Trainee: 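Sending over a structure as structure tokens; questions will come in a sec.
All chains are named by letter (A, B, ...) in the order of the sequence lines, taking the proteins before the strands, and each is independently numbered beginning at 1. Everything numeric in this text was worked out from a predicted model, so none of it was measured.
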Protein chains: 2
Amino acid sequence: MSDDPRRLEAVVSQFRKAGLDGTLAACPVRGILDKISDKWSMLIVLELAAGPLRFNQIRRAIPDISQKMLTQTLKELQRDGLVSRKVFPTVPPAVEYQLTEIGTSVLRPFSVLVEWADANYQAIETARSSFDVPVAV
Amino acid sequence: MSDDPRRLEAVVSQFRKAGLDGTLAACPVRGILDKISDKWSMLIVLELAAGPLRFNQIRRAIPDISQKMLTQTLKELQRDGLVSRKVFPTVPPAVEYQLTEIGTSVLRPFSVLVEWADANYQAIETARSSFDVPVAV
DNA sequence: CGGAATCCCTGAGGATACTG
DNA sequence: CAGTATCCTCAGGGATTCCG
């Protein structure tokens, strides 16, 4: 059940980089994690996994995202090179969003995470219900 | 470079569960991701990867975490069964935190993510610097 | 259709002080 | 040492309105 210890040490040491010069911004891994850990990025990337989608298609696929957040997150994903944007000069305009090569590559780590979540969420809920230390603030 | 399409479809469909009954809370995967995507959980888990640590040891290992957030996040991790807490009735008291079995198991998905981040952060920074659409609010 | 611009509010999280 | 208890800030993000 346990993983290769070498691998884990490498992972931890990656994070340790953060402390070396006193600034966490210097740690690329932390930077990436901060990005993917925002509320919508992963969702959008996963929606685009099946193929390119237009603005309102994504919106309908993620019903609880606001237009503002969709716009903003798509811009961030573009800026980071995970998503490309193609405008068709029609009337009314059509805009298509698509995963780039690097955007597609992030699906693999995502899927590993999702698998873990799927395999373990029951255990977590069990632990949670049999544990009554008040966590909430 | 691309992954197994079957796998990806499964991942996306996991997320799609979220929309089915209108509430995202119903999606276990989203729930887990929300958890691990908070600012400190992953950091703490990774620090504990090497072995049990005491409260102030963790604190020193993550210099920019506040005492409040360390306490709070450790409680959440306990509640979710990822971390165990052992109190030694000495004076002054010593408290040791340690990854549980399930807490250890999450290191694998983490490490995949970290590997991806490490392999791709340069490409992302490159994309970012050659892209001047204002993203920030 | 695909956004941009504004206003506003909530809550994550930092700073500080105190305690068993 | 290992926390609790408050107070307070500020940025993430929702709702609404307007635009080419």
Trainee: Can a donor-acceptor pair be found, under 3.5 Å and without considering hydrogens, that links the side chain of A/T73 to the backbone of A/L70?
Mentor: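 Side chain of A/T73 to backbone of A/L70: no pair is present.
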Trainee: Counting just side-chain N and O atoms, does A/R54 come under 4.0 Å of either OP1 or OP2 of C/dG2?
Mentor: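 For A/R54, the contact criterion (side-chain N or O under 4.0 Å from OP1 or OP2 of C/dG2) is met.
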Trainee: Calculate the interatomic distance between B/F88 atom CZ and D/dG3 atom P; express it in whole Å.
Mentor: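 Taking atom P of D/dG3 as the reference, CZ of B/F88 is at 13 Å.
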Trainee: Take atom CG of B/L53 and atom P of D/dA2, then tell me their distance rounded to the nearest Å.
Mentor: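 Answer to the nearest Å: 11 Å.
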Trainee: As a test of reading the structure: which of C/dC1, D/dG3, C/dG3 is closest to the side chain of B/V95, going by heavy atoms?
Mentor: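 Out of C/dC1, D/dG3, C/dG3, the nucleotide with an atom closest to B/V95's side chain is D/dG3.
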Trainee: Whole angstroms only, please: what is the CZ-P distance between A/R85 and C/dC1?
Mentor: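 Distance, rounded to whole Å: 16 Å.
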Trainee: Checking all strands, does B/Y97 fall into the base, sugar-phosphate, or nothing category for heavy-atom contacts under 4.0 angstrom?
Mentor: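 The answer is sugar-phosphate, as B/Y97 gets under 4.0 Å only of primed atoms, P, OP1 or OP2.
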Trainee: Separation of B/F55 atom CZ from C/dT19 atom C1', in whole Å?
Mentor: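 After rounding, the gap between these two atoms is 14 Å.
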Trainee: Would you indicate whether the side-chain heavy atoms of A/I124 and A/R128 approach each other to under 4.5 Å?
Mentor: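 Result yes, sub-4.5 Å side-chain heavy-atom pair found.
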Trainee: A side-chain contact here means heavy atoms from C-beta on lying under 4.5 Å apart; do A/T71 and A/L74 qualify?
Mentor: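 When only atoms from C-beta onward are counted, A/L74 and A/T71 do not touch, as no gap falls below 4.5 Å.
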Trainee: Please report how far the helix from C/dC1-D/dG20 to C/dG20-D/dC1 bends, comparing the axis fitted to its first five pairs with the axis fitted to its last five, to the nearest 10 degrees.
Mentor: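 Here the local axes at opposite ends form an angle of 50°.
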Trainee: Which heavy atom in A/A123 sits nearest to a heavy atom in B/I102, and how many Å separate them?
Mentor: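 So the minimum-distance heavy-atom pair works out to CB-CD1, 3.9 Å.
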Trainee: Donor-acceptor pairs under 3.5 Å, side chain of residues 86-98 of chain B to any protein atom, not counting sequence neighbours: which ones?
Mentor:
from: B/T90; atom 1: OG1; to: B/F88; atom 2: O; distance (Å): 3.4
from: B/T90; atom 1: OG1; to: B/P92; atom 2: O; distance (Å): 2.9
from: B/Y97; atom 1: OH; to: B/R85; atom 2: NH1; distance (Å): 3.4

Trainee: Identify all pairs in which a protein N or O lies below 3.5 Å from an N or O of nucleotides 13-20 of chain D, and state each distance.
Mentor:
from: D/dG13; atom 1: N7; to: A/K68; atom 2: NZ; distance (Å): 3.0
from: D/dG14; atom 1: OP1; to: A/K39; atom 2: NZ; distance (Å): 3.3
from: D/dG14; atom 1: OP2; to: A/S66; atom 2: OG; distance (Å): 3.0
from: D/dG14; atom 1: O6; to: A/K68; atom 2: NZ; distance (Å): 2.4

Trainee: Which heavy atom of A/S84 sits nearest to which heavy atom of A/T100, and what is that distance?
Mentor: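 Looking at all heavy atoms of both residues, the closest pair is N-CG2, 3.7 Å.
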Trainee: Whole angstroms only, please: what is the CD-C1' distance between A/Q78 and C/dG3?
Mentor: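 These atoms are roughly 12 Å apart.
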Trainee: Side-chain contact, heavy-atom cut-off 4.5 Å: B/V106 with A/N120?
Mentor: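 With C-beta onward as the side chain, the pair stays apart.
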Trainee: Side chain to side chain contact (heavy atoms under 4.5 Å, CB included), that's the test. Do A/N56 and A/R59 meet it? Break it down for me.
Mentor: CA-CA 5 Å; A/N56 281 320; A/R59 211 177 162 180; 3.7 Å; yes
Trainee: Just the rounded figure in Å: distance from P of D/dA2 to CD1 of B/I58.
Mentor: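 These atoms are roughly 9 Å apart.
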Trainee: What is the distance, rounded to the nearest whole Å, between atom CG of B/L74 and atom C1' of D/dA2?
Mentor: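 Spelled out: CG on B/L74 to C1' on D/dA2 is 11 Å.
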Trainee: Rounded to whole Å, how long is the line connecting atom CZ of A/R60 with atom C1' of C/dG2?
Mentor: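 These atoms are roughly 12 Å apart.
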Trainee: For side chain to side chain donor-acceptor pair (under 3.5 Å), just list the numbers for B/S129 and B/E125, CA-CA rounded to whole Å, side-chain angles, deciding distance to a tenth of an Å, and then say yes or no.
Mentor: CA-CA 6 Å; B/S129 55; B/E125 279 185 24; over 6 Å; no
